Amino acid sequence: MKRNLLAAASCLLGYWVTAQSGISGELKTEYIPFSNYIRPEDSTKTNSKSDFKRADLNLSIPLSMKKDSSGRVKAWSLLLSGSYAKMKHKDYEKQLFPDQMLNAQVGIQHMRPLGKKWSMMMTAAVGVYTDLEQVSSDDILGQGGILFIRHFNPNLALGAGPVLTTAFGVPMILPWIYFDWKTNGKIKFNINFPEGMEAGYLFSDKFALKAVVNLSGMTVERNKDGKSMLLGYQQITAGIRPELKLNDHLSLRLTGGTALLRSFSENDRKIKNIFKDKKMMDPKFASSLYVAVSLRWNLP
């Protein structure tokens with residue numbers, strides 16, 4: 001569930017640095033072909049298979065922006081984000097996983113400098129997380145986070161802070177870590193945990209090549225035997241990403257690699273059950289091909 005918030009925030013970190021006053025965002029599509037279902041009871045790879053297709057849209061709409069005497073930005077923005085995933089399933093004895101998932105949310109973001117070396121970014125959002133079979137008030141979940149960033153120099157920044165989510169029925173705090181480093185030459189390294197990391201080489205002002213590892217997921221609320229349950233989908237992908245800058249405001253990203261892990265987990269929205277030992281592993285899928293295409297823009 002936290003992926004949308006952090007992905008939108010990642011876009012905004014770049015938006016903040018460039019201090020654009022227009023709408024910024026990203027449209028991304030992902031595809032993982034059919035891979036074998038691994039049964040949790042005995043970790044056996046079965047003949048059952050599922051694929052995964054997803055479209056993500058993250059938008060930032062500036063509400064206000066001011067610059068201080070040193071040119072640093074204080075801004076308020078409206079966040080709109082949504083993820084729609086569709087899965088097909090083959091050769092299952094019974095339906096185990098949803099055919100589709102929708103996560104859509106709206107939030108507010110505030111960014112401001114804290115002295116000469118520090119910055120702060122704060123986000124709060126509420127949204128609907130559903131498998132589209134039966135939408136109700138139980139599908140509404142909230143989350144938020146605050147990130148404190150230390151700017152050591154123009155090429156090095158380190159940030160940390162908590163992310164608050166109500167996905168488990170009660171407020172739960174998770175860590176949020178941001179690290180951005182680049183040389184005066186062509187190399188750049190970035191970590192935005194728990195979303196992922198990337199290391200890249202800038203061949204020119206128009207083209208870069210990066211090695212990337214990404215963690216992402218979705219959450220849907222489902223009614224099971226009259227009880228509200230949360231089904232979480234998680235995936236870890238790794239690959240190579242060429243990035244092409246089409247113009248000053250538009251860039252294209254192509255990613256090809258491997259889906260190292262795809263799994264589902266189910267919880268009954270009680271925080272104590274998140275930390276208790278599980279009697280068996282979560283259901284998961286064998287490693288498979290992963291491809292993604294994304295378009296990023298930052299309007300003037």
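What you see is a predicted model; the values in this text were computed from it and never measured. Just so you know, these numbers use all the heavy atoms, side chains as well, and skip hydrogens, waters and symmetry mates.
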Answer yes or no: is there a side-chain heavy-atom contact under 4.5 Å between [X] and [Y]?
| X | Y | value |
| --- | --- | --- |
| Leu209 | Phe203 | yes |
| Gln235 | Phe52 | yes |
| Lys117 | Arg150 | yes |
| Met218 | Arg54 | yes |
| Arg262 | Ser35 | yes |
| Lys284 | Leu261 | yes |
| Tyr290 | Thr258 | no |
| Met197 | Val212 | no |

With a 3.5 Å distance limit and no angle check, can you tell me whether [X] reaches the backbone of [Y] through a side-chain donor-acceptor pair?
| X | Y | result |
| --- | --- | --- |
| Asn153 | Leu156 | yes |
| Asn36 | Thr46 | yes |
| His110 | Met120 | no |

Between [Y] and [X], is there a side-chain donor-acceptor contact under 3.5 Å, judged purely by atom types and distance?
| X | Y | result |
| --- | --- | --- |
| Asn190 | Asp180 | yes |
| Gln234 | Ser265 | yes |
| Ser251 | Glu243 | no |
| Gln105 | Tyr129 | yes |
| Asn214 | Thr237 | no |
| Arg241 | Thr255 | yes |
| Ser119 | His151 | yes |
| Ser77 | Gln109 | no |
| Tyr233 | Ser216 | no |

Please tell me whether [X] and [Y] are part of a single hydrophobic cluster in this structure, the criterion being side-chain heavy atoms less than 4.5 Å apart.
| X | Y | value |
| --- | --- | --- |
| Leu202 | Leu250 | no |
| Leu231 | Tyr37 | yes |
| Phe264 | Leu96 | yes |
| Leu80 | Trp76 | yes |
| Ile177 | Trp181 | yes |

- Tell me whether the centres of the aromatic rings in Trp297 and His249 are closer together than 6.0 Å. no
- Message: Suppose we call two aromatic rings close when their centres sit under 6.0 Å apart. Are Phe97 and Phe285 close by that rule?
- Response: yes
Heavy-atom closest contact ([X] atom, [Y] atom, distance):
| X | Y | answer |
| --- | --- | --- |
| Ser287 | Leu260 | OG-O, 3.3 Å |
| Ser24 | Asn298 | CB-OD1, 3.7 Å |
| Trp176 | Pro162 | CE3-O, 4.4 Å |
| Leu215 | Gly196 | CD1-CA, 4.1 Å |
| Ser48 | Asp91 | OG-O, 2.7 Å |
| Leu78 | Gly107 | CD1-O, 3.3 Å |

Kindly compute the distance separating [atom1] ([X]) from [atom2] ([Y]), expressed to the nearest 0.5 Å.
| X | Y | atom1 | atom2 | value |
| --- | --- | --- | --- | --- |
| Thr183 | Tyr201 | OG1 | OH | 8.5 Å |
| Ser294 | Leu27 | OG | CG | 8.5 Å |
| Phe189 | Asn155 | CZ | CG | 15.0 Å |
| Asn223 | Asp131 | CG | CG | 10.0 Å |
| Lys182 | Lys188 | NZ | NZ | 6.0 Å |
| Ser81 | Leu79 | OG | CG | 7.0 Å |

- SB check Asp51 Lys53 (cutoff 4.0 Å): yes
Count the heavy atoms of every other residue, nucleotide or ligand shown that sit under 6.0 Å from [atom1] of [X], and state whether that count exceeds 12.
| X | atom1 | answer |
| --- | --- | --- |
| Lys88 | NZ | no |
| Lys206 | NZ | yes |
| Gln95 | CD | yes |
| Gln100 | CD | yes |
| Asn247 | CG | yes |
| Lys210 | NZ | yes |

- Task: Quick one: do Val135 and Thr130 satisfy side chain to side chain contact (heavy atoms under 4.5 Å, CB included)? Show the steps, please.
- Result: CA-CA 6 Å; Val135 181; Thr130 177; 3.7 Å; yes
- Message: Tell me whether the NZ or CZ atom of Lys90 lies within the 45° cone about the ring axis of Phe34 and under 6.0 Å from its centre.
- Response: yes
- Knowing that exactly one of Asp139, Leu141, Leu102 qualifies, which makes a side chain to side chain contact (heavy atoms under 4.5 Å, CB included) with Val128? Asp139
- For Asp42, enumerate each residue passing the side chain to side chain donor-acceptor pair (under 3.5 Å) test, keeping only those at least two apart in sequence or located in another chain. Arg39, Thr44
- Task: Please report the C-alpha distance between Ile149 and Trp118 in whole Å, then the side-chain angles of each, then the deciding distance to 0.1 Å, and finally whether the side chain to side chain contact (heavy atoms under 4.5 Å, CB included) criterion is met.
- Result: CA-CA 6 Å; Ile149 304 171; Trp118 287 88; 5.8 Å; no
- Message: Test salt bridge (Lys or Arg N to Asp or Glu O under 4.0 Å) on Arg222 and Glu266; report intermediate values, then the result.
- Response: CA-CA 10 Å; Arg222 301 202 298 179; Glu266 191 172 56; 3.7 Å; yes
- Task: Assess whether side-chain hydrogen bond (donor to acceptor under 3.5 Å, both in side chains) is satisfied between Ser83 and Asn103, documenting all intermediate values.
- Result: CA-CA 5 Å; Ser83 294; Asn103 291 178; 5.8 Å; no
- Task: Could you walk me through whether Tyr178 and Ile191 pass the side chain to side chain contact (heavy atoms under 4.5 Å, CB included) test, one step at a time?
- Result: CA-CA 6 Å; Tyr178 176 80; Ile191 296 175; over 6 Å; no
